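Reviewing the structure listed below.
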Amino acid sequence: MKTLSKQNLVLQTLVLGLLLSAFTLSANAQTTEKDRATARQLIDKALKSDRAYEIVESLTTEVGARMGGSEAEARARDWGKGLGEELGFDRVVVEPFTMPYWDRGDLTISLTKPYDLPLYGTALGGSAASKGTVNSEIVYFRSIEDLKKVEAGVLTDKVAFVDGEVLVKSQTGAGYGQANQRRRIGWQHAERGGAKALLVRSVGSDLHRFPHTGMMSAKEGNWASIPVIALSNPDADQLRRLHNLGKSLVVNLKSGAKWKGEVTSGNVILDLVGSERPDEIVLIGGHLDSWDLGTGAVDDGAGVAITTAAAALIAQLPERPKRTIRVVMFGAEEVGLLGAKAYAEKHESDLENYVVATESDFGARSIWQLNSNVSAEATKLIDEIGQVLAPLGIVRGGSDVKGGGPDIIPLDAKGVPTIRLSQNGMDYFDLHHTPDDTLDKISPDELAQNVAAYAATIYMIANSDVDFRKKPAPSEK
């Protein structure tokens, strides 16, 4: 008998493995072959469609930047409501909430010593206005840890500058949280030291002279009483080099940032009502607001477009899935997850009916990984979904990974199960919170891959009978 070659043996082993896998899936599957076929059809249609790109193009062109609580964000809510009605959602509502409104105002900033140099900076959210024009010596701090050690009063009549490092580009965005401390809490230590203002290195991975804005953290309900300015990375580099040369640094700045009272924002909700269990909700979404420097294409017009287009694709099926699919366009995310918190509070009494929640809010690049934090039974379903998504280049990640997206945090905290379709964030922090967040950064093909993944995933979850909630351990009962 002829001996099998090693190559043929490997090939036969792979084929046998695939056949056994298919048999096992068929025998123990949480999904039906019909549902898997429908999911594959949704993927095929999504990959051929430009609807998501058309949606984000419309939002960023017709509305533009959408600062939380602004008149532009109100126009965006009208836009979102009209879009939901146009796409044939069964129920379209806007849920208003009130919020404090912060305005960036005007900023002028330049180095005046050792020589004149205009600096590229922007006020951080929650920053205060300067008391007239500040013309003061800069005190350099290599890191936020160094600023934390500052003693009361030693920065009187000075401007503090917190340096740091340019973020290392990463698919997962690793390092952002730690670096973000200087943006969020730096002001508290600068104020304790008596500084007239605080400058921080932008939290970003780019080397453009585009500063990155973002919200600071309040302390016991109080916000900064001094200007807090993010400098572009090249300008921060320049200050570091001058400091290392032993040069005395003086900055001149004037900022008009301020709080302007209570205003109304809101969440836009689009529902495809379930055919059998309409009270059970599968929630997806993105945030409708953006910062005011760019047009909010990547953060997070893309997320709104991806999730809306995915649900609209499911709406074209001959019948609705068993469970309700809800798209939420969250308001005022950038300024403190205010829409997400308002939503979780308003719907707290029926959150037991929420099957799973997830958000698209990490740009517009291709999805590469599927993570989950659901019951053991639902984990099997997510594994099967992972097999359907594999041809899209998506790998199955962890099965005990908390998350779902920033706006999902309040729901996650109240026990709603989560999944996450993780996007490639390699260039996200080049664009995030900068004037460079514009439509031209989005690839229609990558956006379509996102829609394909969301449509297949959400359809299979919404049409399943699986309980996604983890059962408490005996000691937790």
Side-chain angles (χ1 to χ4, degrees), residues 56 59-60 63-81 83-84 92-105 122-127 180 183-184 212-218 221-224 257-270 283-305 307-308 326-348 357 359-362 404-414 432-434 437:
V56 69
L59 175 60
T60 57
V63 180
R66 309 166 298 281
M67 186 78 170
S70 67
E71 176 273 336
E73 193 199 29
R75 285 190 287 110
R77 288 194 295 279
D78 291 339
W79 170 91
K81 184 173 182 289
L83 179 66
V92 179
V93 297
V94 176
E95 294 181 346
F97 59 88
T98 58
M99 59 169 284
Y101 180 58
W102 177 84
D103 183 75
R104 183 177 309 284
T122 191
L124 291 176
S127 169
N180 210 18
R183 185 188 92 194
R184 290 195 172 278
H212 294 242
T213 190
M215 203 68 187
M216 300 188 297
S217 296
N222 297 314
W223 293 94
K258 61 183 177 180
W259 292 96
K260 300 182 74 173
E262 291 285 314
V263 296
T264 298
S265 182
N267 298 316
V268 181
I269 299 172
L270 317 177
L283 185 147
I284 60 177
H287 65 83
L288 191 57
D289 67 310
S290 75
W291 283 108
D292 50 331
L293 302 182
T295 56
V298 170
D299 183 19
D300 185 32
V304 167
T307 52
T308 303
R326 172 167 293 176
V327 179
V328 182
M329 300 179 184
F330 291 98
E333 185 269 356
E334 296 290 7
V335 291
L337 305 180
L338 302 186
K341 293 172 183 177
Y343 183 91
E345 181 178 349
K346 181 176 179 62
H347 294 272
E348 185 168 14
E359 177 184 35
S360 174
D361 183 17
F362 198 49
D407 285 304
I408 306 304
I409 292 172
L411 297 176
D412 179 39
K414 294 179 183 296
H432 169 261
H433 298 183
T434 75
D437 183 359

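From a predicted model like this one, the values you see are computed outputs, not experimental measurements. Residue numbers run from 1 in the order of the sequence given.
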Identify the two heavy atoms, one from [X] and one from [Y], that lie closest to each other, and give their separation to 0.1 Å.
X    : Y    : answer
G296 : R66  : O-NH2, 2.9 Å
H212 : L124 : O-CD2, 3.9 Å
A65  : A72  : O-CB, 3.2 Å
I408 : A357 : CG2-CB, 3.8 Å

For [X], which residues count as a salt bridge (charged side-chain N to carboxylate O under 4.0 Å, His left out) partner, sequence neighbours excluded?
X    : answer
K260 : none
K81  : E85
E348 : K414

Within this structure, what is the [atom1]-[atom2] distance for the pair [X] and [Y], rounded to the nearest 0.5 Å?
X    : Y    : atom1 : atom2 : result
T308 : I284 : OG1   : CD1   : 7.5 Å
R326 : L270 : CZ    : CG    : 10.0 Å
S127 : W102 : OG    : CH2   : 6.0 Å
L411 : Y343 : CG    : OH    : 7.0 Å
W79  : L59  : CH2   : CG    : 4.5 Å

Show every salt bridge (Lys or Arg N to Asp or Glu O under 4.0 Å) that has at least one partner inside [range], sequence neighbours left out.
range            : value
residues 67-76   : E71-R75, E73-R77
residues 294-304 : none
residues 286-297 : R104-D292

Apply side-chain contact (heavy atoms from CB on, under 4.5 Å) to the pair V268 and V328, showing each step before the final yes or no. CA-CA 6 Å; V268 181; V328 182; over 6 Å; no
Begin from the C-alpha positions of V304 and H287 and carry the test side-chain contact (heavy atoms from CB on, under 4.5 Å) through to its verdict. CA-CA 6 Å; V304 167; H287 65 83; 5.9 Å; no
So do the side chains of [X] and [Y] get within less than 4.5 Å of each other, counting heavy atoms only?
X    : Y    : value
V335 : M99  : yes
M67  : W291 : yes
H433 : L293 : no

Mind checking side chain to side chain contact (heavy atoms under 4.5 Å, CB included) for L337 and listing every partner two or more places apart, or none if nothing turns up? E333, A340, K341, P406, D407, I409
Kindly write out the residues that satisfy side chain to side chain contact (heavy atoms under 4.5 Å, CB included) with S360, not counting sequence neighbours, or none if the list is empty. I306, T307, Q423, Y454
I'd like to know whether F330 forms a side-chain contact (heavy atoms from CB on, under 4.5 Å) with L288, so could you lay out the CA-CA distance, the side-chain angles of the two residues, the decisive distance to 0.1 Å, and finally the verdict. CA-CA 6 Å; F330 291 98; L288 191 57; over 6 Å; no
Using modelled atom types only, decide if a donor and an acceptor are shared between the side chain of N267 and the backbone of G339 within a distance under 3.5 Å. yes
Test your reading of the model: is there a side-chain donor-acceptor pair from D437 to the backbone of A297, 3.5 Å cut-off? yes
Begin from the C-alpha positions of E95 and K346 and carry the test side-chain contact (heavy atoms from CB on, under 4.5 Å) through to its verdict. CA-CA 9 Å; E95 294 181 346; K346 181 176 179 62; 3.3 Å; yes
ring-ring contact (aromatic ring centres under 6.0 Å, His included) partners of W223, counting only residues at least two apart: W259
